[in-house]
There are 2 protein chains.
Amino acid sequence: MRNKLLSVAEAIDPSSQMTRTETGANGKMHGSVVRSIGGSILAGEYRPGEAFPGEAELSLKFGVSRTTIREAVKVLSAKGLIESRPRVGIRVRMQEDWRFLDPDVLSWHPNLRADHQFRDSLVESRRVMEPAAARAAAQRATAHDLAAIEAAFLAMERAVPHDMLACNEADVQFHRAIMNASHNIVFKALAGTIEAALRAAFFVTSEFMDTDVMNAHKHILERIRMRDPDGAHHAMLHLLDIAAEDLNA
Amino acid sequence: MRNKLLSVAEAIDPSSQMTRTETGANGKMHGSVVRSIGGSILAGEYRPGEAFPGEAELSLKFGVSRTTIREAVKVLSAKGLIESRPRVGIRVRMQEDWRFLDPDVLSWHPNLRADHQFRDSLVESRRVMEPAAARAAAQRATAHDLAAIEAAFLAMERAVPHDMLACNEADVQFHRAIMNASHNIVFKALAGTIEAALRAAFFVTSEFMDTDVMNAHKHILERIRMRDPDGAHHAMLHLLDIAAEDLNA
DNA sequence: TAAGTCGGAATTATCATATAATTGGCATTC
DNA sequence: GAATGCCAATTATATGATAATTCCGACTTA
């Protein structure tokens with residue numbers, strides 16, 4: 001196995017993390033309530049359809065007004081986690097209705113990093129989608145798109161020897177730039193989710209930035225620039241393969 | 001081209017459509033406000049970062065209390081469409097922050113059906129993801145999963161001669177059941193999005209339910225049941241191909 | 001006895017008003 | 001010119017009241 005030159009995984013305190021696109025839920029009270037309840041639900045503390053405290057009770061529990069509770073409930077409903085009806089109260093919805101690809105919902109996952117099912121799912125879906133996005137990018141990338149991909153690559157090259165945080169950030173941008181260059185709305189939307197998941201889960205891109213990995217990135221950029229769809233597809237698959245290899249080792 | 005035996009597209013009034021998993025925004029006032037504002041934003045009536053009416057103004061415009069407006073604003077913020085800060089007011093966020101895969105957001109799209117970019121994106125991403133999901137299903141489907149897929153197939157077979165609505169519904173369920181059988185969280189989450197998009201856009205599965213299409217479905221079910229990943233992958237790809245062929249003809 | 005009907009009550013939905021917290025921008029100061 | 005402090009606009013939260021919804025049980029009826 002390759003040397004583990006860079007791994008940001010252990011370097012940062014997970015609790016301080018926040019998805020880049022997170023809904024403006026910062027110091028606001030209703031934001032805390034949303035995170036708290038959302039976390040409880042994702043932790044499985046309530047079964048779908050089961051009884052759930054009413055607005056009055058939650059108001060007492062969190063020490064905020066019913067107004068604030070209601071705003072939190074509205075947000076959680078918007079994420080598909082709960083539904084609330086008169087006379088019946090608040091109920092947790094079935095998992096299949098949860099907006100699991102929503103960056104906020106992902107960030108409420110109690111321990112994404114340890115969730116093997118999720119990690120494997122993400123790896124599997126990336127192996128499918130990112131090569132397809134690279135292929136599309138090779139067909140449709142504009143000069144602007146190419147510049148964005150190259151900029152991210154150059155930032156990686158510049159950062160790799162000394163700044164692993166900047167390097168991982170540039171890596172995320174590299175993958176996002178390719179998704180954007182695909183000009184496929186679904187891929188672009190998924191880029192945000194994948195990015196959020198990687199950040200939240202701290203296997204940030206799961207790449208260790210050695211020579212092989214850097215070459216793989218360079219190769220992808222070249223294939224896209226040369227308008228070689230099959231080559232781009234294959235190159236991206238190769239990158240994900242060696243990254244997964246590292247991850248499993 | 002095959003005969004167009006069934007096409008539900010023209011049969012239903014789009015305005016009456018509602019995604020199955022839509023957030024409980026029905027007769028409720030705040031729900032109407034959410035849909036109205038959401039629709040305006042998706043229609044491009046406001047540019048990102050541009051001025052937006054404040055809570056007071058919206059309250060007047062819609063003839064509801066500020067409380068109701070605020071709940072609507074919270075929902076739209078949760079979908080990533082807007083953000084609202086004291087002293088600055090409400091602003092539309094950049095498109096890349098919109099939760100485009102959220103069924104509600106999709107349903108607010110003013111004319112999804114005519115949006116070729118979206119239609120092509122969806123077809124392209126389905127061609128990538130669904131065969132992969134079928135492959136995974138062939139590897140991991142439980143007896144329960146298989147029963148669900150078969151039930152959907154039988155419902156299709158039963159409905160195909162006389163009830164095109166039920167048939168399309170069963171078809172959606174067939175594809176969803178396979179996504180679920182993949183036991184991949186990302187695929188499962190995407191099933192909801194794809195389903196909502198198909199419903200919202202009215203090229204419901206874009207399949208016309210002739211003999212070829214029914215055989216293609218049957219073949220997928222068989223390959224999954226026989227635990228043949230490559231076969232399942234190929235069979236799903238074939239189905240999407242003949243469906244796309246119809247779509248373009 | 002079974003099925004349908006109706007009303008009460010619990011809960012959310014909305015409203016109106018008041019007060020607190022936040023922050024962009026202006027004025028002031030050094 | 002840069003830093004600091006104040007002001008005002010806007011959202012954030014609180015409070016209390018009323019309306020709308022609908023589950024559930026009681027009652028009626030065949």
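Letters go in sequence order (proteins before strands), and every chain restarts at 1. Quantities reported herein were computed from a predicted structural model and do not represent experimental measurements.
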Measure the distance from CZ on A:R91 to P on D:dT22 and round it to the nearest whole Å.
12 Å

With distance as the sole criterion, is a donor-acceptor pair present between the side chains of B:T142 and B:D145 under 3.5 Å?
yes

Once rounded to the nearest 0.5 Å, what's the spacing between atom CD of A:E195 and atom CE of A:M179?
10.0 Å

Candidates D:dT11, C:dT14, D:dT13 - which lies nearest the side chain of B:H30
C:dT14

Partners meeting side chain to side chain contact (heavy atoms under 4.5 Å, CB included) with B:R85 (sequence neighbours left out):
B:V88, B:R91

Any N/O pairs under 3.5 Å between the protein and nucleotides 15-21 of chain D? List them or say none.
from   : atom 1 : to    : atom 2 : distance (Å)
D:dT15 : O4     : A:T67 : OG1    : 3.3

Report the residue (A:I69 or B:A56) whose heavy-atom-nearest nucleotide on DNA chain D is the more 5′ of the two.
B:A56

Evaluate whether atom NE2 of A:H162 has more than 12 neighbouring non-hydrogen atoms of other residues, nucleotides or ligands under 6.0 angstrom away.
yes

Can you see if the side chain of A:K74 gets near the phosphate of C:dA13 - specifically, an N or O under 4.0 Å from OP1 or OP2?
yes

Look up atom OG in B:S59 and atom CZ in B:R66, then write down how far apart they are to the nearest 0.5 Å.
8.5 Å

C:dT23, OP1 or OP2 - any side-chain N/O from B:R85 closer than 4.0 Å?
no

Is any side-chain nitrogen or oxygen of A:S84 closer than 4.0 Å to OP1 or OP2 of C:dT11?
no

Give, for atom CD of A:E96 and atom NZ of B:K188, the distance between the pair rounded to the nearest 0.5 Å.
8.5 Å

